[in-house]
2 protein chains.
Amino acid sequence: MARTTIKDIAEASGVSQMTVSNVINDRKSKASAATIEKINQAIKNLNYRPNMSARSLASSASKMVGVVIPFTENQNQLLLDNPFYAEMISGIESALREQGYYMMLAGVGESNVALDVISHWNVDGLIVLGIYPEGLYDLLKTMKLPTLLIDSYIEDDHFYHLRVDDDAAAFEATNYLIAQGHKNIALVTGAIREDGVIKRRLAGYNRALKQANLVQNPDYIFEGSVGFAWGQKAADKLIAQNKITAAFCTADLIAAGLLAGLHKNGKQIPQDISVMGFDNISISQMVYPALTTMDQEIVGKGRIAANLMTSLLTKKQVEREVETKVKIIIRDSVSKFKMRRDDV
Amino acid sequence: MARTTIKDIAEASGVSQMTVSNVINDRKSKASAATIEKINQAIKNLNYRPNMSARSLASSASKMVGVVIPFTENQNQLLLDNPFYAEMISGIESALREQGYYMMLAGVGESNVALDVISHWNVDGLIVLGIYPEGLYDLLKTMKLPTLLIDSYIEDDHFYHLRVDDDAAAFEATNYLIAQGHKNIALVTGAIREDGVIKRRLAGYNRALKQANLVQNPDYIFEGSVGFAWGQKAADKLIAQNKITAAFCTADLIAAGLLAGLHKNGKQIPQDISVMGFDNISISQMVYPALTTMDQEIVGKGRIAANLMTSLLTKKQVEREVETKVKIIIRDSVSKFKMRRDDV
DNA sequence: TTTATATGTTAAAGTGGTTTAGCGCAAAAC
DNA sequence: GTTTTGCGCTAAACCACTTTAACATATAAA
């Protein structure tokens, strides 16, 4: 017993395939109420489900949105154990699904073959998370698809952008640390790239220090990569700079690593060193002490991204650059500055 | 300029479409070496990429494998912020991709509509993570697809299974706690279901206690749900049973919550209470103290699942039940039992 | 009344692959 | 020496939808 097709529905309800198609897709030149009723009845009776492959072939549109995330360093595996991406993706997927679209995941790392796959399937649009080597953006442009970049500052009219005001957010975070009386504040961060968010966060950090007339010591800036391991390693370096009493990490994952590294060195947090994160990933409340951090509302941001994309795909007017909100979350990893013995 | 099709390749290399198709798909009745060369050349020159929709329509196979994971409780969002699923998925995806397949993610929760989507797209097989209401399995069977269940004990010839030896793993974990001298050992767990892994882990736990002639106190079993929040809540209940000196959690996520809850109550870990986890998700080394746990090699398990599936799809012989290995990882959350003041 | 416009519907022609059936021709088997 | 087998290749039909063009009929406008 083969699968029910649109043809079966047409025969069962005594109309042409085209009328059925019109009803299913809710097209302008609507069928009469009676016809619609008949057809819907038949669809229900015969348990008809449209075949997406046929639909996609005929219309060269797929109701699929490609979502690009990074691969792990050398494994070529989706960087899903980074909760930032995981949470963002579940946000994107849910909103996409609500709008009748489907998410197609693709990783990008040493190779871009995953993008080929995406193009084989005729995706309708692209949402790209994070930042990649230059070349990728050219490749993206050749695909001639509506493309939304999340958290990047690539300048090109082809792309739409979604991000927070990274400069302002870092400024606010640093100010919070300053307000707690800290004067020697480190920045622990991933790689600083011209077209990335971190450069803006660095600017916000510097701006806050300057406004408070604090020295901007380049030795207080620890640049590595976005990950737990780097945070752990940074702990040692940070301790070596023994005046530092607080650290602002540009990602919670780094902050979590920093916490672990500091613990290993026998430091108490926040008594010895205050740690501030960024993102508010789920892990930030699982570490000890729970992280004070900048909430990005990651899932919500993902949903906004998806909705922007579906608007684009339905030719609605969409701003080229959209900003989402940020909010400080106060937990237990930051405390007021207290003079330490060796500072006396 | 329209996309290059197989027809273009056929014309360019002076053969029929069918010959091109045969070469591309590497089919039995091979073309002559010369023809193959000509065709491959044309493919490269014209930058031809097969259209998957067309291929899928014509062959009613899609090179796609549906992967089913749970939705969040009431949000209908993919449960990706549970690192267990996130890690498993990146394993599945990478192995699938290496075999030329593509992963299609679908969530299941209050509704199963996501499964419809999957069937619209003609997926070739199904990998199902975790455990669901009875009804889902009937639905799964009606899809008449090769189906691999990960971590479930549903009895039905239709399904293939992949899991660890949950009983033995829990036995080993509990024995480790016993070997450290603990006598009053709690089990903190998600819901115990007839067809789930937890029932087997409970059995292993009980078996270890029995073998060591320890009392099996039902008050030492804390049944809730698999999640950080439940772990936190369980901490209070566990403390109320003041003889308990160690807890075996059936998931790292629960263990992480337990840690947080115990901290909040001023407990020291492992000095006051030892905590053992299960899974070895990435978070287990981020919490404080780092979790001693049972490693499931989640990513590897995902890869094994994917390889089983592709074997199934290529009609290779496959065992109906496959077991993966488990290994204890000793970190800092378990210590030897020490007599406490109030136990004197 | 005639003409224009909109509505509801349809038949036929794609969309880009694969499946099926079969055709020459050469080598192997009888 | 004839028949069988297998190889390399092809033409045509088909997969389940959408696009296009067009045709009645009803209603509104001139």
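Keep in mind that what you see is a predicted model, and the values were worked out from it rather than measured.
- Side chains of A:Y85 and A:P70 form a contact here, defined as non-hydrogen atoms less than 4.5 Å apart.
- The CD1 atom of B:I24 sits 11 Å away from the C1' atom of C:dG16 (whole-angstrom rounding).
- Regarding B:R3, its CZ atom lies at a distance of 7 Å from the P atom of C:dG17, rounded to whole Å.
- OP1 and OP2 of C:dT9 both lie 4.0 Å or more from every side-chain N or O belonging to A:T19.
- When distances run from any side-chain atom of A:T5 to the nucleotides C:dT19, C:dG17, D:dC17, the shortest one goes to D:dC17.
- Among the nucleotides D:dT10, C:dG8, D:dC17, the one closest to the side chain of A:A54 is D:dC17.
- In the set D:dA11, D:dG8, D:dT18, D:dA11 carries the atom at the smallest distance from any side-chain atom of B:S16.
- In this structure, the NZ atom of B:K38 is 11 Å from the C1' atom of D:dC9, given to the nearest Å.
- Contact annotation: A:T35 reaches the phosphate of C:dT9 (side-chain N/O to OP1 or OP2, under 4.0 Å).
- Regarding B:Q17, its CD atom lies at a distance of 17 Å from the C1' atom of D:dG8, rounded to whole Å.
- Distance, A:K63 NZ to D:dC17 P: 16 Å, rounded to whole Å.
- Contact record, B:L46 with B:T4: O-OG1, 3.3 Å, taken as the closest heavy-atom pair.
- Rounded to whole Å, atom C1' of C:dG16 lies 15 Å from atom CG of B:L46.
- Here the nucleotide nearest the side chain of B:M18, chosen from D:dT19, C:dG16, C:dT20, is C:dT20.
- In this model, the phosphate group of C:dT9 is approached by a side-chain N or O of A:S32 to a distance below 4.0 Å at OP1 or OP2.
- Here C:dT15 is the nucleotide among C:dT15, C:dT10, C:dT19 with the atom lying nearest to any side-chain atom of A:L57.
- Here the NE2-CG distance, from A:H158 to A:D138, works out to 11.0 Å after rounding to the nearest 0.5 Å.
- Just one residue in the list B:K301, B:R163, B:Q296 forms a side-chain hydrogen bond (donor to acceptor under 3.5 Å, both in side chains) with B:D151, and that residue is B:K301.
- The side chain of B:A58 has C:dG17 as its nearest neighbour among C:dG17, D:dA11, D:dT18.
- When heavy atoms are screened at a 4.0 angstrom cut-off, A:S53 is found touching no nucleic acid atom at all.
- Here the closest heavy-atom approach between residue A:Q17 and residue A:I6 is recorded as OE1-CG2, 3.6 Å.
- Considering only side-chain N and O atoms, B:N25 lies under 4.0 angstrom from the phosphate OP1 or OP2 of C:dT18.
- With rounding to whole Å, B:I6 atom CD1 is found 5 Å from C:dG17 atom P.
- Nearest to the side chain of A:S21, among C:dT18, C:dG17, D:dT18, sits D:dT18.
- As a whole-Å value, the separation of B:M52 CE from C:dG16 P is 15 Å.
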